[in-house]
Amino acid sequence: MSTLTVALDDIFPEENPYAWSPTSSISIQEFVSKYKPSMVQNDGTRPWIWVRKELYPSDRLAEEYVAAKEAFELLQKVTERVEEIKNDRSIPVRSSKKTGAKNKKELREQEQANATVRLKEISQKHGYVCGKWLSFAPSDRVDAVWASIAKSLASGPLASTVASSAKVATSPGHETPGYQHVICIYVPDVYDRDSVVEVMKVLLRQHGVNLSGVKSDLYTSIGLDSKHPSGVPSTVWKNTALLPDSEIRELKEAYYTEVMSAKKVEQHAGQNRENAPRKPGYRKRKAETDDPFASDDGECAKAKPQIQPLGLDSRDHASEQAQENNGRKAKKSKMLS
């Protein structure tokens, strides 16, 4: 069973090196270069990297807690009712047109739809209507996706929308194959359809991200996720409830077409730089080094060949020298005798 917790993870952390705001001492470019989600490991104290353009109204925490408490009690009752329907053997598995009796699935969906309406009423009554667009990125792409969104929020297309802040999950403390980093882009009112769609279009057209719906911070507070036993939808908006699937594809295709065109222009510019004629240069003469131990004749003296007697090769010269030596020995022997 879920427990009630005010969504502190949805509040921008002050005095945190992993959180950037317009008052930070470094630029947004320096920040995203220094703190990359694929490189920052969560040791239990740094689960998120944050960027914001506006202050969060922290004075509403007390009212949000009241809203969360009311919503949590509602969700408990709905969960119990859904379980009762599941175990009630008197409720048919299939509906009957003759009797008009609804089946188990229809009754569960009715309870879940009613819960969604009631949660909206609680949110609006207490002013707890903030929430976030959800997106996921793999580890090999998250740095680029996050940098694009963060810089856009600081001084780009997202800065001109109602989006107030964004965060990205850091890397897990242990190896997790296929890990997906969740990215949240916050909006002040998830029930303001026009402003939510405005942010959606920027995320699709300017950043090409894959969106996974809009979730209320109230839902996060009461532990309502996609695996909750109540079966109540965990998002306020699904993508196709805001824009037709065809328009979503068109916006993303326009983004990727623009990216590919920019790459081609850059490649063409690079080729032009490589093929551009080079300015004529002057070849430097090789510096001569003075060797204080070299002879005056230099290398020529070192390579000077030994001069052999004309007409004789080295073997003939050696034979002639041997005969001459033998003659001298014989002459000396006769003188001694």
Side-chain angles (χ1 to χ4, degrees), residues 1-13 44 47-48 55-93 95 101-134 136 162 164-165 167 169 182 184-193 195-196 211-239 241-242:
M1 179 66 68
S2 301
T3 57
L4 174 61
T5 57
V6 177
L8 296 178
D9 270 356
D10 288 320
I11 300 176
F12 184 89
W48 304 102
L55 288 171
Y56 183 87
S58 57
D59 57 335
R60 296 198 54 83
L61 283 178
E63 191 67 19
E64 289 173 0
Y65 181 81
V66 174
K69 185 174 184 297
E70 187 176 342
F72 181 74
E73 292 172 353
L74 169 68
L75 191 61
Q76 282 185 313
K77 292 178 181 178
V78 174
T79 302
E80 292 170 1
R81 177 57 183 152
V82 167
E83 191 66 21
E84 288 174 2
I85 294 171
K86 179 181 177 182
N87 297 327
D88 191 342
R89 294 184 178 181
S90 67
I91 302 175
V93 176
S95 56
K102 294 183 178 181
N103 61 29
K104 290 178 180 290
K105 183 175 181 294
E106 290 172 334
L107 289 175
R108 288 198 306 269
E109 289 177 346
Q110 183 179 340
E111 290 290 336
Q112 292 156 356
N114 291 339
T116 298
V117 173
R118 286 287 296 122
L119 288 171
K120 178 180 179 180
E121 292 173 351
I122 294 171
S123 295
Q124 294 178 327
K125 180 176 69 174
H126 296 283
Y128 196 5
V129 292
C130 53
K132 57 266 184 183
W133 268 106
L134 300 174
F136 294 86
V162 298
S164 58
S165 58
K167 71 179 182 182
V182 63
C184 302
I185 301 92
Y186 286 84
V187 294
D189 187 349
V190 295
Y191 298 107
D192 183 349
R193 181 188 179 114
S195 63
V196 168
L211 297 173
S212 300
V214 180
K215 186 169 186 175
S216 165
D217 287 355
L218 176 67
Y219 285 16
T220 303
S221 293
I222 62 178
L224 180 55
D225 57 23
S226 59
K227 298 179 181 179
H228 195 276
S230 68
V232 175
S234 60
T235 55
V236 173
W237 298 107
K238 294 185 182 299
N239 297 352
L242 296 170

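Quick note: numbers below take in every heavy atom, side chains included, and nothing from hydrogens, waters or symmetry partners. Note that the coordinates shown come from a computational prediction; the quantities given were computed from them, not determined experimentally.
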Are [X] and [Y] side-chain neighbours, meaning at least one heavy-atom pair lies under 4.5 Å?
X: His126; Y: Glu64; answer: no
X: Lys215; Y: Trp237; answer: no
X: Cys130; Y: Pro188; answer: no
X: Lys167; Y: Lys132; answer: no
X: Val78; Y: Leu74; answer: yes
X: Thr116; Y: Val232; answer: yes
X: Val196; Y: Trp133; answer: yes
X: Val214; Y: Val190; answer: yes

Legend entry - Exam field: side chain Gln112 to backbone Ser230, donor-acceptor pair closer than 3.5 Å: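 Looks like yes, one N/O pair under 3.5 Å.
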
Legend entry - Polar side-chain atom of Glu70 near backbone of Ala67 as donor-acceptor pair, under 3.5 Å: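 No, Glu70 side chain to Ala67 backbone: no donor-acceptor pair under 3.5 Å.
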
Under a 4.0 Å N-O cut-off, is there an ion pair linking [X] with [Y]?
X: Glu80; Y: Lys77; value: no
X: Glu109; Y: Lys105; value: yes
X: Lys125; Y: Glu121; value: no

Legend entry - Atom NZ of Lys104: over 12 foreign heavy atoms under 6.0 Å: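 Yes.
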
Legend entry - Pairing residues for Arg108 by the salt bridge (Lys or Arg N to Asp or Glu O under 4.0 Å) criterion, not counting sequence neighbours: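 Scan of Arg108 (salt bridge (Lys or Arg N to Asp or Glu O under 4.0 Å), adjacent residues dropped) gives none.
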
Do you know which two heavy atoms are closest between [X] and [Y], and how far apart they sit?
X: Ala68; Y: Ile222; value: O-CG2, 3.4 Å
X: Ser234; Y: Tyr219; value: O-CD2, 3.4 Å
X: Cys184; Y: Leu134; value: SG-CD2, 3.8 Å
X: Val162; Y: Ser195; value: CG2-CB, 3.7 Å

[atom1]-[atom2] distance between [X] and [Y], expressed to the nearest 0.5 angstrom:
X: Ile122; Y: Leu75; atom1: CD1; atom2: CG; value: 9.5 Å
X: Ser164; Y: Tyr186; atom1: OG; atom2: OH; value: 9.0 Å
X: Glu111; Y: Thr79; atom1: CD; atom2: OG1; value: 10.5 Å
X: Phe72; Y: Leu119; atom1: CZ; atom2: CG; value: 12.5 Å
X: Leu107; Y: Glu84; atom1: CG; atom2: CD; value: 12.0 Å

Inset, instruction - Quick one: list whatever passes side chain to side chain donor-acceptor pair (under 3.5 Å) with Asp88, sequence neighbours left out. - result: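 Applying side chain to side chain donor-acceptor pair (under 3.5 Å) to Asp88 gives Ser90.
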
Inset, instruction - List in chain and number order the residues that pass side-chain contact (heavy atoms from CB on, under 4.5 Å) with Asp189, two or more places apart in sequence or in another chain; answer none if no residue qualifies. - result: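 Partners of Asp189 under the side-chain contact (heavy atoms from CB on, under 4.5 Å) test: Val129, Tyr191, Asp192.
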
Inset, instruction - Could you tell me whether the side chains of Ser216 and Tyr128 share a donor-acceptor contact shorter than 3.5 Å? - result: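 No, no side-chain donor-acceptor pair sits under 3.5 Å.
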
